[in-house]
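Here's the structure, in structure tokens; my notes come after.
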Number of protein chains: 2
Amino acid sequence: MVEDTKERIRAVALELFTAHGYEQTSLREIADRVGITKASLYYHHPSKQALLVAIVEPLLRDWRMMVERLEAVPHTPEHVRDALGECLNTLLRHREACALFARDVPALLTAVGPVLVEAKELGTRMNAWLAGPEPSQADLVRAFAATEVLNSALASAVMLPSVPQAELRATLLDAAAAVLGLTQADPTTGTAGRPGL
Amino acid sequence: MVEDTKERIRAVALELFTAHGYEQTSLREIADRVGITKASLYYHHPSKQALLVAIVEPLLRDWRMMVERLEAVPHTPEHVRDALGECLNTLLRHREACALFARDVPALLTAVGPVLVEAKELGTRMNAWLAGPEPSQADLVRAFAATEVLNSALASAVMLPSVPQAELRATLLDAAAAVLGLTQADPTTGTAGRPGL
DNA sequence: GTCTATAATTAGATAGAC
DNA sequence: GTCTATCTAATTATAGAC
């Protein structure tokens with residue numbers, strides 16, 4: 001395969017960055033694990049920062065697409081529930097990179113500030129949509145809390161490894177919906193109720 | 001005052017660690033900001049690690065006391081709601097140190113591993129109590145998600161600075177309760193309902 | 001208690017041979 | 001593409017004068 005080494009470096013780096021943090025991981029560690037030297041690593045990735053960007057970029061692209069898809073849709077209870085589900089999917093699809101984002105903010109901020117700024121902006125837009133049109137301050141807080149519930153999927157997988165992912169997904173989706181004041185979805189129809197609208 | 005400098009160092013260090021991360025903050029920065037040199041800093045705190053421990057210890061002590069108080073109390077809806085409130089109070093009382101814990105896990109793990117291990121254990125015990133006796137897997141996940149909702153108070157304060165703290169507190173408390181399946185508290189009596197038990 | 005000076009280590013990054 | 005060897009800069013930490 002072409003560029004095989006480059007990909008292997010990326011994979012190893014993601015793993016080590018997520019496990020020990022960006023600053024705590026040296027390029028020597030990554031190179032050792034891949035089975036090459038630091039100098040060879042630099043042949044494929046021009047800097048540690050660039051390596052991080054290469055890791056984080058795909059996640060950001062997916063996230064951007066998701067938010068844009070979202071904003072084209074009206075804020076109804078069904079769409080809100082769907083949005084939470086899609087958000088959870090995106091989170092789980094990029095689980096490791098998301099964990100890196102969530103757990104290593106300060107390091108990423110100094111290393112790739114602009115990238116984190118866009119990530120934060122996407123989060124804000126997502127929350128704004130979730131809060132609905134003309135939101136109260138409580139709506140904004142609830143939207144924020146709901147996304148945190150979904151985020152907890154990352155930590156839950158580590159803290160509660162015995163819970164199967166399907167159950168984790170379903171439970172967190174209901175929990176996030178509950179935070180937003182949506183009632184439980186009807187399991188027979190998959191349709192959510194419409195309270196407080 | 002006795003030990004005034006030592007306290008000033010602690011305060012500045014907490015501020016910088018929280019803002020830029022533990023690894024990203026050098027002792028030179030801290031010393032500069034306090035208005036002394038690195039060598040003087042070492043007179044008061046024997047190492048960077050010890051400085052971190054001095055910062056984190058009070059938070060851990062409060063947290064430990066809270067969890068122990070909690071475990072002595074039966075798992076009823078009212079007590080659960082009270083527990084969420086107490087948890088939120090502890091979180092807000094140590095806001096900066098908590099933010100450091102939440103945002104800089106990898107750095108803290110390598111610097112003060114054992115301390116983080118105890119923090120994690122306390123979190124686990126808190127979640128176990130919240131999940132109730134003989135919890136289902138869904139109960140465990142919900143307990144975890146509920147604490148994440150409370151945690152979001154730290155980030156909310158930054159992301160939604162216009163929301164007054166009282167409203168933030170009340171909204172998050174209701175949100176966490178909703179995650180656990182408790183209904184809205186009656187605003188006139190402050191008593192929660194008892195659904196699904 | 002605070003300073004100057006410096007040791008010891010490590011990191012990211014580069015030059016140039018093969 | 002990968003290597004050996006090296007550079008530069010920054011960090012934690014210490015020694016010892018005042």
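All of these numbers come straight from a predicted model, not from anything done at the bench. Lettering of chains follows the sequences in order, A, B, ..., and the numbering in each one begins at 1.
In this model, the phosphate group of D:dT2 is not approached by any side-chain N or O of A:Thr37 to a distance below 4.0 Å at OP1 or OP2. For A:Tyr43, a side-chain nitrogen or oxygen approaches OP1 or OP2 of D:dG1 to under 4.0 Å.
Residues passing the salt bridge (Lys or Arg N to Asp or Glu O under 4.0 Å) test with A:Asp82, sequence neighbours excluded: none. With sequence neighbours left out, B:Arg10 forms a salt bridge (Lys or Arg N to Asp or Glu O under 4.0 Å) with B:Glu7. The salt bridge (Lys or Arg N to Asp or Glu O under 4.0 Å) check on B:Arg95 picks up nothing, with sequence neighbours excluded. A:Trp63 is linked by a ring-ring contact (aromatic ring centres under 6.0 Å, His included) to nothing, counting only residues two or more places apart in sequence or in another chain. Under the ring-ring contact (aromatic ring centres under 6.0 Å, His included) criterion, B:Phe144 pairs with no residue, sequence neighbours left out. Checked against salt bridge (Lys or Arg N to Asp or Glu O under 4.0 Å), A:Glu86 has the following partners two or more places apart in sequence or in another chain: A:Arg69.
The side chain of B:Ile36 lies closest to C:dC3 when the candidates are D:dT2, C:dC3, C:dG1.
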*Go along nucleotides 5-18 of chain D 5' to 3' and tag each nucleotide: B for a protein heavy atom under 4.0 Å from its base, S when only backbone or sugar atoms are that close, - otherwise.*
------SBBBB---

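Here side chain to side chain donor-acceptor pair (under 3.5 Å) pairs that include residues 42-55 of chain B, with residues two or more places apart or in two chains, number zero.
Rounded to a whole Å, the NZ atom of A:Lys6 is 13 Å from the P atom of D:dT2. Across the protein-nucleic acid pair, B:Gln24 atom CD and C:dA11 atom P stand 15 Å apart, rounded to whole Å.
Contacts of residues 13-20 of chain A with DNA chain D (heavy atom under 4.0 Å): none.
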*Would B:Glu57 and B:Arg61 count as a salt bridge (charged side-chain N to carboxylate O under 4.0 Å, His left out) if you check the C-alpha gap in whole Å, the side-chain angles of each, and the deciding distance to 0.1 Å?*
CA-CA 6 Å; B:Glu57 196 86 310; B:Arg61 203 174 44 236; over 6 Å; no

